[in-house]
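Here the structure is laid out as structure tokens; the discussion comes afterwards.
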Amino acid sequence: MNTTAGTFFALVPYALAFAIAALLPRRHSFAERVGLGAVAALSVLFVKGMWPGSEPDVNPAGEWKYLLDVIVFLPLFGAVLVLFLPRQSPAVLRRFTYAVLALDFLVSLGLLSAPMTAGWHFQHVEEWIPALGIRYHVAVDGISYWLILLTTLTTPIALHVSFGSVQTRIKDLCFAYLMLHGAMLGAFVSLDLFLFFVFWELLLIPMIVLIGVWGGVEKIKAAYKFFLYTMTGSMLMLAAILFLVYTHNKLAGYPSFDYLALQRISLPPGWAGWLCFFGFFIAFAIKVPMFPLHTWLPDAHVQAPTGGSIVLAAILLKLGTYGFVRFCMGMFGGVAWASAATLGGFAVFGGILYGALVAWKQDDVKRLVAYSSVAHMGFVMLGLFAGNQAGVEGSVLQMLNHGVSTGALFLLVGVIYDRRHTRLVREFGGLAKVMPIYAALFVLVTMSSIGVPGTNGFVGEFMIVMGTFTSQVLGPKHSISQGVGAAFGVVLAAVYMLSVVQKMFFGPLTNEKNRGLNDLNVRETVALAPLIALVFVLGFFPNLFLSRIQPATATLLDHFTEARSAYIQMGPEAEPILRPRRGGPFEIGYPEAPAKGNAAGSEGGVQALNAPAQKTGGAK
């Protein structure tokens with residue numbers, strides 16, 4: 001076959017996908033047809049590019065170390081530039097913000113060039129405040145990899161939706177979204193705990209602004225509640241960070257805020273280890289949120305504008321689960337193991353079952369979806385508490401699934417609210433007769449939310465439940481009871497979601513106010529299209545995502561088990577120790593002692609930041 005024919009046949013799948021999707025809309029809207037066609041073609045391109053065996057043989061030594069810097073600081077720099085644009089030109093502000101977020105998304109696609117082998121990728125280390133052991137240290141592995149891409153995809157969708165419903169203070173809105181976007185990305189890539197804490201606190205400000213300025217009737221109450229809960233957890237985490245830095249300085253002779261250094265500390269089974277663990281855990285449990293620290297979430301979701309709810313559900317909550325797997329399991333393996341069975345009980349009975357039962361009784365559909373988030377995030381936490389490969393991989397995958405499904409649900413709830421200015425289920429009924437496309441997509445996303453096979457929600461929940469039943473961390477008694485509880489939670493999810501679908505979309509059209517409602521418009525269809533595509537891509541091809549998650553989770557669990565072994569060998573009266581360095585790709589970029597770090601460390605360490613992971617030696 002000649003080159004021209006080969007090129008033609010290579011392009012046929014993309015052209016066919018584009019054509020089919022472009023022919024779907026009934027409206028003769030060029031923007032809608034092109035938007036749906038582009039989403040379909042890009043979905044085919046993504047699946048083909050990520051298919052096993054089709055990945056390029058990328059040498060990590062060729063990874064551009066500034067890629068993460070651009071991804072994080074492009075929106076932050078854009079937020080500063082927005083301040084210099086005229087408030088009287090909302091069209092200019094919208095286009096500029098679109099351009100910044102679109103460019104950031106395109107730049108983030110550069111992450112797909114890395115095969116995500118074991119080790120840190122796109123790592124960049126610079127000394128920041130050497131006297132205090134603070135460095136600018138960013139990197140990505142298989143755990144944070146997909147969360148970064150989820151963030152760069154979801155925030156533009158949320159902004160696009162917001163521009164359709166928010167018509168006041170556009171400049172402030174653009175600034176808040178760009179600042180929030182950059183801060184969330186910074187938290188996902190930071191490996192220095194001081195840097196992580198800066199981004200963790202920075203994202204709090206724009207989220208409060210989104211709720212408090214463009215929210216509902218009780219927006220100020222919801223914003224204050226969100227602030228007080230989050231700030232309380234942050235102060236506990238800061239105290240734990242400072243204690244770890246003090247301990248490292250005492251043991252190693254120099255201070256360091258770096259994750260690679262602090263995870264070597266083994267605290268004895270006394271008050272210090274438990275207090276440090278719960279300092280981090282409470283901060284992350286508030287953000288997840290876990291029962292009984294969840295009460296801020298329904299208020300925040302109900303009062304936030306639609307775009308704010310999308311970001312909150314799809315990304316912000318994942319910072320809590322990401323923080324637990326990265327820092328609680330990564331630095332406090334012994335305490336995390338010892339507390340897993342108890343915390344797993346909270347995840348099942350206070351999260352999955354309680355969240356599902358409360359959601360079932362809600363008459364406000366947005367509050368129902370908010371409580372469903374409590375239940376779904378309970379699954380994620382349960383998989384992490386299970387502490388095995390199936391549970392942790394399923395949890396990381398379920399973070400993506402929840403971001404896609406619940407983000408789409410909040411978007412769909414916002415659609416009906418913009419038309420009727422009510423979210424009460426009793427106000428609807430028979431909507432499928434007047435809004436058939438909206439009804440079809442709501443039912444589809446509902447199927448994904450309850451984990452129907454073939455949709456994105458199935459594989460993650462299945463892996464979590466199986467991981468729970470086979471968990472050695474939870475123990476035989478708790479693994480069975482919690483596995484059964486989680487499985488029953490899947491049934492309850494179907495009950496409350498299908499119940500609201502039946503009440504809203506089927507039966508007679510009893511309310512005359514609903515008779516003249518318009519179906520989805522172009523803006524809403526284009527915003528939903530990427531999320532709908534991901535429902536099927538994640539559902540039919542989960543291994544495209546799991547294959548890049550697996551190396552990082554395997555290494556994390558090795559470290560988790562090693563930390564637990566060191567923990568049980570220490571007596572309550574023992575002193576903290578530094579465990580031996582394990583070597584290997586996950587210790588590239590380790591903060592050496594100042595005496596040798598300035599010479600050998602900066603030459604050997606910095607030059608080896610992007611060394612090929614598979615060629616790096618070290619103990620397993």
Side-chain angles (χ1 to χ4, degrees), residues 125-137 190-198 200-201 233-284 323-324 326-339 556 559-584 586-602 604-605 618-619:
V125 181
E126 298 289 345
E127 294 296 333
W128 187 6
I129 312 176
L132 299 178
I134 297 172
R135 308 193 300 172
Y136 175 81
H137 187 183
S190 297
L191 289 183
D192 183 279
L193 269 70
F194 181 86
L195 184 65
F196 172 80
F197 188 79
V198 168
W200 179 269
E201 291 301 293
S234 297
M235 292 302 99
L236 294 173
M237 181 169 65
L238 178 61
I241 291 173
L242 294 176
F243 181 83
L244 289 176
V245 173
Y246 165 79
T247 303
H248 184 272
N249 183 57
K250 184 178 177 181
L251 296 173
Y254 63 98
S256 178
F257 281 79
D258 200 280
Y259 170 74
L260 303 184
L262 298 182
Q263 71 174 168
R264 289 180 57 207
I265 299 174
S266 278
L267 296 173
W271 63 269
W274 284 88
L275 287 179
C276 283
F277 171 79
F278 276 101
F280 278 88
F281 173 74
I282 290 174
F284 299 140
F324 182 84
R326 174 74 75 212
F327 299 108
C328 289
M329 293 181 69
M331 296 194 303
F332 307 101
V335 181
W337 188 303
S339 60
L556 172 82
H559 188 87
F560 178 61
T561 305
E562 177 190 297
R564 189 252 182 173
S565 299
Y567 177 82
I568 61 177
Q569 290 172 10
M570 301 174 71
E573 304 301 323
E575 292 294 322
I577 61 169
L578 279 180
R579 295 193 303 277
R581 291 177 61 172
R582 303 171 73 238
F586 276 96
E587 285 208 7
I588 296 174
Y590 187 92
E592 306 291 350
K596 59 180 179 181
N598 293 335
S602 43

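Keep in mind that this is a model prediction, so the values were computed, not measured. All heavy atoms count here, side chains included; hydrogens, waters and symmetry mates do not.
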[X] versus [Y], closest heavy-atom pair with distance:
X	Y	result
Met570	Ser266	CE-O, 3.6 Å
Phe284	Gly323	CE1-O, 3.2 Å
His559	Arg579	NE2-NH2, 3.0 Å
Asp192	Asp258	OD2-N, 3.9 Å
Ala283	Met237	CB-CB, 3.9 Å
Pro591	Tyr254	O-OH, 2.7 Å

Checklist entry - Taking it one step at a time, do Met331 and Leu193 satisfy side-chain contact (heavy atoms from CB on, under 4.5 Å)? => result CA-CA 12 Å; Met331 296 194 303; Leu193 269 70; 3.9 Å; yes
What's the spacing between [X] [atom1] and [Y] [atom2] if we round to 0.5 Å?
X	Y	atom1	atom2	result
Asn249	Leu244	CG	CG	12.5 Å
Ile241	Leu236	CD1	CG	11.0 Å
Leu195	Arg135	CG	CZ	11.5 Å
Ile265	Lys250	CD1	NZ	11.5 Å
Arg564	Met329	CZ	CE	13.0 Å
Ser256	Ile134	OG	CD1	9.5 Å

Checklist entry - Can you check whether Pro255 reaches Leu132 side chain to side chain, under 4.5 Å on heavy atoms? => result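 The answer is no; the side chains never approach within 4.5 Å.
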Item to check | Validation row: Arg326, Leu556 side chains within 4.5 angstrom (heavy atoms) | outcome: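 A side-chain contact under 4.5 Å is absent here.
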Checklist entry - So Trp271 and Phe243, would you call those rings parallel, tilted or perpendicular, with 30° and 60° as cut-offs? => result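 The arrangement is tilted - the two ring planes meet at 30° to 60°.
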Next on the checklist: Between Phe197 and Phe257, is the ring centroid distance below 6.0 Å?
Outcome noted: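 No.
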Next on the checklist: Among Phe324, Phe332, Trp200, Tyr259, exactly one meets ring-ring contact (aromatic ring centres under 6.0 Å, His included) together with Phe280. Which residue is that?
Outcome noted: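 Going through the options one by one, the only one that passes is Phe332.
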Checklist entry - side-chain contact (heavy atoms from CB on, under 4.5 Å) between Leu251 and Arg264: does it pass, once the steps are laid out? => result CA-CA 11 Å; Leu251 296 173; Arg264 289 180 57 207; over 6 Å; no
